[in-house]
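Notes for the one structure printed next.
Everything numeric in this text was worked out from a predicted model, so none of it was measured.
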Amino acid sequence: MSETPKPALPGTAAVVVEGGMPPLMGLQEMELNFGPQHPSTHGVLRIVIRVDGEKIVSARPDIGYLHRGTEKLFETETYPMVIPHTDRMDYVAAATNNHAYCLVVEKLLGIEIPKRAQYIRVLLDELQRLSSHLLWLGSCAMDLGAITPFFYVFREREAILDYFEDYCGARLTLNCMRIGGLPVDLPPGWTQKIHDFIEPFVDRVNEYEDLLTGNRIFRDRTIGIGVLPVDRCIEWGVTGPALRGAGKAWDIRRAIPYECYPELEFDIPVGKNADTYDRYLVRMAEMRQSRRIIQQCLAWLEKNPGTEFRGKVPRVIKPPAGEAYAAVEAPKGELGFYLVSNGGNKPYRLRVRPPSFINLQALPEMVTGHLVSDLVAVIGTIDIVLGEVDR
């Protein structure tokens, strides 16, 4: 004989399930806030989740806690003055932000930068990719309870930041590129430092993988979690490691090549299961490919010494009236800038296509049906930076 259901809590309706017992004190679902204070949401992301016990029924990202109106701010600055503001979007990948913006202005101006500047830009981009992936690896592993990798990856990341500081005087928000090329040439001995760092780097990546790739707990927390097949990635506009982890070999460096990338040899790592574990494996492989690219850039720079690091640009930059779009393969995916010029010395409109913002849209689909603890793993392998999401 089934028992009589308990009275519902105020403002709720009692739900009777098979056997007559109401679950969760009369509530079948609860609405909870995940963040913005939760460490794995990086302080400024709130996700409103509905749960049935520990299972996620729905999730809704609530963004805007870091909003600074960056795109509107672009319209108030001259073209060169915009560059430092791009640093503050994905602030752990400032070089690629600078690069994408400079590319779109150069496209509208119709100028081509010197070959030496192209190779140095690519070298800076790939060092930035390593720095960004290292930070992702340490923070993602720590979110899942693995503390040791965090200390390992910062050993190499600190060295990379030192090299950035040697070049441009900054470690995080670099402001390291200029319209038409670069602000300064490489300092003496800088390429040798990079060479000494990058040669044994593959052994460092092997150390990270020894800690995580075969780790039973890490595998249980990531395999089969947050699956987003390639067709759904395309529907959402997801790019970067998340798309390549689903098996699609789409990389702007190959698909829409820029600078000297067509002259370089590198592979595009892809996964096949479209889950959190494959997104991890893709990024680990990408670090090895970045090492290959950096080695080729160093070899070219050593064989082609020179001083030409900036092309001919007007003293006052006023692109002709028109519009242009340019994109780079940032560490998190396709980072694009859409520029509209009215012929003045300031952008009439500058719209950003940020990978963190686009990729975050797919989060509800990736976590529905999983446990609350799985939400942490999925957020980690999307690899978002809130400065780029809220910009």
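- Between F201 and F197, the two ring planes are tilted [angle within 30° to 60°].
- Residue pairs meeting the ring pair (Phe, Tyr, Trp, His ring centres under 6.0 Å) criterion with at least one member in residues 300-329, sequence neighbours excluded, are Y119-W300.
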Pair up each side-chain donor or acceptor in residues 143-156 with any protein partner under 3.5 Å, not counting sequence neighbours, and list the distances.
{"residue": "R155", "atom": "NH2", "partner": "E207", "partner atom": "OE1", "Å": "2.7"}
{"residue": "E156", "atom": "OE1", "partner": "Y208", "partner atom": "OH", "Å": "2.4"}
{"residue": "E156", "atom": "OE2", "partner": "R204", "partner atom": "NE", "Å": "3.3"}

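- One finds a salt bridge joining E126 and R129 here, because a Lys/Arg side-chain nitrogen approaches an Asp/Glu carboxylate oxygen to under 4.0 Å.
- Although no hydrogens or angles enter the test, the distance criterion places a donor-acceptor pair under 3.5 Å between the side chain of R244 and the main chain of W250.
- Taken together through direct or relayed side-chain contacts under 4.5 Å among Ile, Leu, Val, Met, Phe, Trp and Tyr, M287 and I268 form parts of separate hydrophobic clusters.
- When only modelled atom types and interatomic distance are considered, R292 and Q289 share a side-chain donor-acceptor pair under 3.5 Å.
- Residue L360 is grouped with residue I49 when hydrophobic side chains (ILVMFWY) are merged at heavy-atom distances under 4.5 angstrom, including chains of intermediate members.
- A donor-acceptor contact shorter than 3.5 Å links the side chain of R291 to the backbone of I198.
- When atom types are taken as modelled, the side chain of W190 and the backbone of Y163 share a donor-acceptor pair closer than 3.5 angstrom.
- Ion pairing between a basic and an acidic side chain is recognised when a charged N comes within 4.0 Å of a carboxylate O; D162 and K193 show no such pairing.
- Of the possible polar contacts, one joining the S341 side chain to the P319 backbone as a donor-acceptor pair under 3.5 Å is found.
- Put simply, the side chain of D278 never gets that close to the backbone of G271: no donor and acceptor are under 3.5 Å apart.
- The main-chain N or O of I111 is never found under 3.5 Å from a side-chain atom of E106 such that the two would form a donor-acceptor pair.
- The closest donor-acceptor contact from the side chain of T222 to the backbone of F218 lies under 3.5 Å.
- For the pair N97 (side chain) and T86 (backbone), a donor-acceptor distance under 3.5 Å is present.
- Using cut-offs of 30° and 60° for the angle between ring planes, the F337 and F74 rings count as tilted.
- Taking the six-membered ring where the residue is Trp, H99 and Y258 present perpendicular rings, their angle passing 60° and hence far from 30°.
- Looking at heavy atoms from C-beta onward, K332 lies in side-chain contact with E388 at the 4.5 angstrom threshold.
- The minimum heavy-atom distance between R171 and F164, with the atom names listed, is O-CD1, 4.3 Å.
- Between the side chain of R46 and the main chain of R60, no donor-acceptor pair closer than 3.5 Å is present.
- Side chain of T76 to main chain of L73: a donor-acceptor pair is present (N/O by atom type, distance under 3.5 Å, no hydrogens or angles).
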Let me have the donor-acceptor pairs involving side chains of residues 348-355, under 3.5 Å, with sequence neighbours excluded, atom names and distances please.
{"residue": "R351", "atom": "NH1", "partner": "E71", "partner atom": "OE2", "Å": "3.2"}
{"residue": "R353", "atom": "NH1", "partner": "E334", "partner atom": "O", "Å": "3.0"}
{"residue": "R353", "atom": "NH2", "partner": "G237", "partner atom": "O", "Å": "2.7"}

